[in-house]
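Heads up: numbering here begins at 1 and tracks the sequence.
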Amino acid sequence: VQALGQRRSRRALLRLQEQFDRDPDTRAQSLRAIGRIGDGAAARRLMACYHEHQRWVRLGIIDALGAIAAPAAEPFLAQLLCDRRPEVRGRAVVAIGQYATDGAVSRLAHATMDPDARVRLAALEALSAFTGRPVAIESFERLCLDPIPAIAALARRCLRKA
């Protein structure tokens with residue numbers, strides 16, 4: 001799986017997808033490799049099978065979709081921001097952080113208001129790559145007052161960079 005993941009070819013990607021489907025023992029490694037070399041078609045295939053898998057596989061799919069950063073996956077990841085599980089929302093935030101679209105930045109800004117501190121922190125870290133955008137600056141200002149000291153401190157650092 002690792003050797004296939006180093007090859008950037010359509011053939012290697014197809015083999016990795018077959019391995020992902022066939023072998024649960026190497027599924028995590030296959031997902032990481034698919035994330036490295038995947039394309040829009042691979043992203044669509046992962047989105048299609050997302051709900052068929054266990055929680056840990058779904059989290060790996062989210063990570064792979066972030067690494068692939070195919071435009072078709074952004075709306076799918078955006079839907080996951082409404083998931084009831086904070087670990088799913090947090091992973092979706094990190095994945096959306098790979099997209100530099102206005103919609104992605106707006107979603108990250110909205111995620112900084114999540115009730116879960118881990119999700120807010122992940123959103124803030126992802127948003128820190130977009131310090132020049134007004135919506136990011138507004139989020140940094142608001143998060144300077146976050147009840148979690150680490151989040152407030154990071155927001156102040158981001159605000160100084162902006």
remark   = Sequence neighbours excluded, the answer for side-chain hydrogen bond (donor to acceptor under 3.5 Å, both in side chains) partners of Arg8 is none
message = Just to verify, what does Arg10 make a side-chain contact (heavy atoms from CB on, under 4.5 Å) with, not counting sequence neighbours?
response = Leu13, Leu14, Asp39, Ala41
task = Could you tell me which residues satisfy side-chain contact (heavy atoms from CB on, under 4.5 Å) with Pro24, sequence neighbours excluded, listed by chain and number?
result = Arg27
Any side-chain heavy-atom pair of Ile68 and Ile34 under 4.5 Å = yes
remark   = Contacts of Phe76 meeting ring-ring contact (aromatic ring centres under 6.0 Å, His included) (sequence neighbours excluded), chain-then-number -> Tyr50
message = Taking atom CZ as the centre, does Arg22 end up with more than 12 heavy-atom neighbours from other residues, nucleotides or ligands that are less than 6.0 angstrom away?
response = yes
ask   = How far apart are the closest heavy atoms of Leu16 and Ala33, and which atoms are they?
value = CD1-CB, 3.7 Å
key: Close side-chain approach of Leu81 and Ile96, heavy atoms under 4.5 Å   = yes
message = Applying ring-ring contact (aromatic ring centres under 6.0 Å, His included), can you list everything that pairs with Phe20, at least two apart in sequence or on another chain?
response = His53
request  = Output yes when a side-chain donor or acceptor of Thr101 lies under 3.5 Å from a complementary backbone atom of Ala104, and no otherwise.
outcome  = yes
query = With sequence neighbours left out, what residues match Arg133 under salt bridge (Lys or Arg N to Asp or Glu O under 4.0 Å)?
reply = Asp102
key: Criterion side chain to side chain donor-acceptor pair (under 3.5 Å) on Gln19 and Ser30, from CA distance to verdict   = CA-CA 7 Å; Gln19 186 72 16; Ser30 297; 5.2 Å; no
When the side chains of residues 147-162 are checked against the rest of the protein, which donor-acceptor pairs come out under 3.5 Å, sequence neighbours left out?
residue: Arg156; atom: NH1; partner: Cys144; partner atom: O; Å: 3.4

request  = Spell out, yes or no, whether Leu4 and Leu31 are grouped together once hydrophobic residues are joined by side-chain heavy atoms under 4.5 Å, including indirect joins.
outcome  = yes
request  = With sequence neighbours left out, write down each residue that passes salt bridge (Lys or Arg N to Asp or Glu O under 4.0 Å) with Arg107, or none if nothing qualifies.
outcome  = Glu74
Minimum heavy-atom distance between Ala126 and Gly97, given as atom pair plus value = CB-CA, 4.0 Å
remark   = Residues at least two apart in sequence or cross-chain that pass side-chain contact (heavy atoms from CB on, under 4.5 Å) with Ala28, listed by chain then number, are Arg32, Trp56
Check: Tyr99 and Val105 side chains under 4.5 Å, non-hydrogen atoms = no
ask   = Got a sec, which residues hit side-chain hydrogen bond (donor to acceptor under 3.5 Å, both in side chains) with Ser106, two or more places apart in sequence or on another chain?
value = none
request  = Give the minimum heavy-atom separation between Leu77 and Ala95, together with the two atoms involved.
outcome  = CD1-CB, 3.8 Å
task = Tell me, with the steps shown, if Asp23 and Val1 meet side chain to side chain contact (heavy atoms under 4.5 Å, CB included).
result = CA-CA 11 Å; Asp23 186 6; Val1 170; over 6 Å; no
message = Testing the basics here: between Ser9 and Ala12, what is the closest heavy-atom pair and its distance to 0.1 Å?
response = OG-N, 3.1 Å
query = Arg58 versus Arg85: any side-chain heavy-atom pair under 4.5 Å?
reply = yes
ask   = Is there a side-chain contact between Ile137 and Thr131 (heavy atoms, below 4.5 Å)?
value = no
message = Ignoring hydrogens, what is the shortest heavy-atom contact between Gly90 and Val119? Give both atom names and the distance.
response = N-CG2, 3.8 Å
request  = State the CG-CZ distance between Leu127 and Arg120, to the nearest 0.5 angstrom.
outcome  = 14.0 Å
message = I need the Gln2 CD to Arg36 CZ distance, nearest 0.5 Å.
response = 7.5 Å
message = Is there a path of hydrophobic side-chain contacts, each under 4.5 Å between heavy atoms, that joins Leu65 and Leu59?
response = yes
request  = State, with a plain yes or no, whether a side-chain heavy atom of Val135 is found less than 4.5 Å away from one of Phe130.
outcome  = no
message = If the condition is salt bridge (Lys or Arg N to Asp or Glu O under 4.0 Å), which residues does Arg44 pass it with, not counting sequence neighbours?
response = none
task = State, to 0.1 Å, how close Gly40 and Ala70 come at their nearest heavy-atom pair, and which atoms those are.
result = CA-CB, 3.9 Å
inquiry  = Quick test of your reading: applying side-chain hydrogen bond (donor to acceptor under 3.5 Å, both in side chains), list the pairs with at least one residue in residues 108-119, sequence neighbours left out, ordered by first then second residue.
reply    = Arg89-Asp114, Thr112-Arg142, Asp116-Arg118
task = Please round to the nearest 0.5 Å and tell me the distance separating atom CG of Asp146 and atom OG of Ser139.
result = 11.5 Å
query = Would one find more than 12 heavy atoms of other residues, nucleotides or ligands at under 6.0 Å from atom CD of Gln6?
reply = yes
